[in-house]
Amino acid sequence: MSLPSTIAGVVPSLAQVADYGPPRSEIGVGALMPYNGALYVQNYSSHRAASGTGVSLRRIDGELSMEKVPEAIGVDGTYTNRFVHFETGMLVIGPHVIEPDHTVHTIAELAPHRLCGTARHLARPESAVYVLTMEGLVFELDLTTLGATQVFDLNHELATEGEWKVHYKDCYSAHGRLVVCSNEYGEDDWAGKQSRGRLAEYDGTAWRIIAHKPFTAIGGRGEFTDTIFATGWDQASAILEVFTARDGRWTRYRLPKASHTFDHKWQTEWPRIRETEHERLLVDHHGMFYELSPWAYGGRIWGLRPISTHLWVLGDFCSWKGMLVLGADNASPSHGMNVTTAEPQSGLWFGKTDDLWGFGKPSGWGGPWWREEVRAGQPSDPYLMTGFDNKCLHLENHGDSAVRFEIEVDIHGDGRFARSERLTVGPGALVTHVFPSGFSAHWVRVVSDADTTASAQLFYT
């Protein structure tokens with residue numbers, strides 16, 4: 001066996017390259033799935049089939065040789081869903097259902113849609129799955145008949161606004177609920193004029209909106225643990241929402257933003273929550289990789305740790321044959337808006353999970369409050385504090401009277417906080433607190449002694 005050449009982990013011969021056009025759009029890696037000895041690569045164009053040419057499902061064999069899947073040639077579009085159905089052994093990837101012997105079926109009802117998620121069916125998990133489209137349609141796909149039927153329009157159920165006004169990203173089901181998210185976010189969302197993003201759940205009878213904020217990924221380990229994780233953001237920080245089945249509730253945690261370049265719906269694409277090492281989760285969120293245990297104790301999580309920062313747009317990643325594989329969305333002509341790129345192309349990176357610690361050192365900014373109306377004695381959301389070298393907190397009081405703020409830290413990770421510092425901030429004033437070198441805890445939060453409008457932003461370097 002002769003292995004292909006690599007450059008810093010990237011295998012140029014396995015690059016995803018689309019036609020020169022016209023039209024010329026992009027070719028990102030939307031889904032990676034190891035399946036019966038092969039690695040399937042579902043790439044995507046920017047917006048349905050008419051927006052780009054040369055996109056297709058591709059298959060890499062054990063000798064790292066790649067082919068376009070013959071049955072899928074000509075099926076172009078925006079597809080980022082992947083799911084192996086345990087009971088039937090079938091792979092759902094894009095609009096395709098693949099049998100264990102690699103026979104490929106393309107579902108005509110699904111092919112015209114931008115498909116972004118597949119999840120276990122709540123009522124018929126042994127034979128059916130849900131398939132979510134970016135436009136907010138939910139289909140039931142019967143894996144015994146290969147028939148697809150639309151069952152929900154989330155624009156109606158969740159009061160979103162349809163194509164170009166909404167950007168659904170992912171779905172996941174466990175613990176008797178189907179969870180979906182959208183990541184709509186632009187100038188008006190940042191300015192507080194609208195809140196089009198959604199994190200929502202369906203319990204088999206009705207839909208419920210969990211948060212009116214942009215979210216990009218949902219994941220977990222099914223019924224094996226009692227958790228569901230969802231990643232999003234707002235003006236103040238990156239966000240991790242955690243559902244714990246033991247107490248039946250969602251808890252919001254806040255994380256640093258490693259980069260401002262992910263603060264738009266088109267720039268977050270498909271960061272993922274994936275199990276890449278046995279019973280361990282790898283989270284890619286807002287330009288930072290994290291390791292995360294799927295377990296929660298006492299309804300709280302604490303073992304979240306930053307690994308590294310990056311600028312890559314990573315549509316998916318997976319473990320395959322002992323390697324970690326990252327699929328990027330790299331160079332795009334963007335219909336002529338990127339004048340330095342003529343050919344749509346994206347790369348695949350091969351390495352091991354521990355290589356991620358050699359990427360950019362963890363750093364970032366954010367906090368629990370961004371010009372927030374706060375109430376006396378009501379603590380902020382917990383904000384991640386562990387895994388960074390140097391830390392400072394900026395506290396700004398936008399109110400008309402002096403306010404005393406308690407800085408509290410959780411050193412056990414079980415939701416019990418103790419006071420670390422007390423700061424008084426005058427009306428309209430800003431006070432900066434620099435934590436001692438080496439100071440850390442799992443989580444930090446802020447409590448005000450009076451009603452006011454305040455900002456609390458932490459910078460980690």
Side-chain angles (χ1 to χ4, degrees), residues 117 119-123 125 130 157-158 170-181 197-234 236-255 273-275 279-283 285 290-305 368-369 372 374-375 377-386 406 408-419 441-447:
R120 291 183 64 81
H121 198 280
L122 295 181
Y130 297 110
E157 302 290 346
L158 304 179
D170 204 0
C171 64
Y172 179 82
S173 63
H175 307 298
R177 65 202 64 230
L178 169 66
V179 188
V180 301
C181 68
R198 295 288 188 272
L199 178 66
E201 62 182 6
Y202 174 69
D203 65 359
T205 60
W207 286 94
R208 182 180 77 90
I209 297 174
I210 300 163
H212 289 77
K213 294 179 183 294
F215 280 79
T216 56
I218 313 166
R221 211 169 186 276
E223 309 299 324
F224 184 72
T225 63
D226 72 339
T227 51
I228 301 173
F229 302 96
T231 52
W233 82 96
D234 60 12
S237 71
I239 293 171
L240 176 67
E241 288 274 1
V242 181
F243 174 81
T244 45
R246 187 180 302 273
D247 49 20
R249 65 185 176 93
W250 290 87
T251 300
R252 177 173 299 165
Y253 301 85
R254 290 187 173 270
L255 316 174
I273 304 168
R274 299 295 198 207
E275 181 180 349
E279 298 173 4
R280 289 154 176 80
L281 298 178
L282 182 64
V283 179
H285 186 32
Y290 298 86
E291 61 172 354
L292 174 64
S293 170
W295 298 99
Y297 295 105
R300 310 292 295 195
I301 64 162
W302 59 274
L304 180 71
R305 185 170 67 134
W369 294 335
E372 186 90 5
V374 302
R375 296 288 174 259
Q378 182 172 318
S380 71
D381 293 330
Y383 184 83
L384 186 67
M385 202 181 204
T386 190
E406 307 277 355
E408 299 180 342
V409 296
D410 177 0
I411 63 170
H412 298 98
D414 59 2
R416 293 183 294 119
F417 287 80
R419 189 179 76 207
H442 288 295
W443 306 98
V444 60
R445 70 183 188 185
V446 184
V447 186

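- A distance of 7.5 Å separates CG of L122 from OH of Y202, quoted to the nearest 0.5 Å.
- The nearest pair of heavy atoms linking I301 to A296 is CG2-CB, 4.0 Å.
- Taking both residues in full, the closest heavy atoms of G117 and C171 are given as C-SG, 3.4 Å, listed atom of the first, atom of the second, then distance.
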* Is there a side-chain contact (heavy atoms from CB on, under 4.5 Å) between R254 and D234 once you walk through the steps? -> CA-CA 10 Å; R254 290 187 173 270; D234 60 12; 2.9 Å; yes
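- Looking only at side-chain heavy atoms (C-beta outward), S237 and Y383 come within less than 4.5 Å of each other.
- Taken from CG in L281 to OG1 in T227, the straight-line distance is 7.0 Å, to the nearest 0.5 Å.
- Residues E275 and R221 are paired through a salt bridge, judged by an N-O separation under 4.0 Å between the basic side chain and the carboxylate.
- Atom CD1 of I411 is separated from atom CZ of F417 by 11.5 Å, given to the nearest 0.5 angstrom.
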* For W250 and V242, run side-chain contact (heavy atoms from CB on, under 4.5 Å): C-alpha distance rounded to whole Å, both residues' side-chain angles, the deciding distance at 0.1 Å, then the answer. => CA-CA 5 Å; W250 290 87; V242 181; 5.7 Å; no
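- When every heavy atom of H285 is checked against every heavy atom of G232, the shortest pair comes out as NE2-O, 2.8 Å.
- Within the model, atoms CZ of F215 and CG of L240 stand 8.5 Å from one another, a figure rounded to the nearest 0.5 Å.
- To the nearest 0.5 Å, atoms CG (D381) and CH2 (W443) are separated by 10.5 Å.
- Salt-bridge check for E408 with R419: failed, with every basic side-chain N at 4.0 Å or more from each acidic carboxylate O.
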* To do: Run the numbers on L304 and Y253 for side-chain contact (heavy atoms from CB on, under 4.5 Å), then give the verdict.
  => CA-CA 11 Å; L304 180 71; Y253 301 85; over 6 Å; no
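- The side-chain hydrogen bond (donor to acceptor under 3.5 Å, both in side chains) search around E223 returns H175, not counting sequence neighbours.
- Counting heavy atoms from C-beta on, the side chains of H121 and Y130 come closer than 4.5 Å.
- In this structure T386 satisfies the side-chain hydrogen bond (donor to acceptor under 3.5 Å, both in side chains) test with no other residue, sequence neighbours excluded.
- Shown here is R177, whose CZ atom has more than 12 heavy atoms of other residues, nucleotides or ligands within 6.0 Å.
- Closest heavy-atom contact between A174 and I228: O-CD1, 3.8 Å.
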* To do: Test side-chain contact (heavy atoms from CB on, under 4.5 Å) on I210 and E201 and set out the steps.
  => CA-CA 7 Å; I210 300 163; E201 62 182 6; 4.0 Å; yes
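- A donor-acceptor contact shorter than 3.5 Å is absent between the side chain of S173 and the backbone of A119.
- Atoms CG and CZ, on D203 and R208 in that order, are 9.0 Å from each other to the nearest 0.5 Å.
- Evaluation of the ring-ring contact (aromatic ring centres under 6.0 Å, His included) rule for F229 yields no partner, not counting sequence neighbours.
- With T244 contributing its side chain and R246 its backbone, the two residues share no donor-acceptor pair below 3.5 Å.
- Contact record, W233 with T216: CZ3-CG2, 3.7 Å, taken as the closest heavy-atom pair.
- P125 approaches R120 most closely through the heavy-atom pair CB-NH2, 3.2 Å.
- Under the 3.5 Å distance criterion, the side-chain polar atoms of R198 are matched with a main-chain donor or acceptor of L158.
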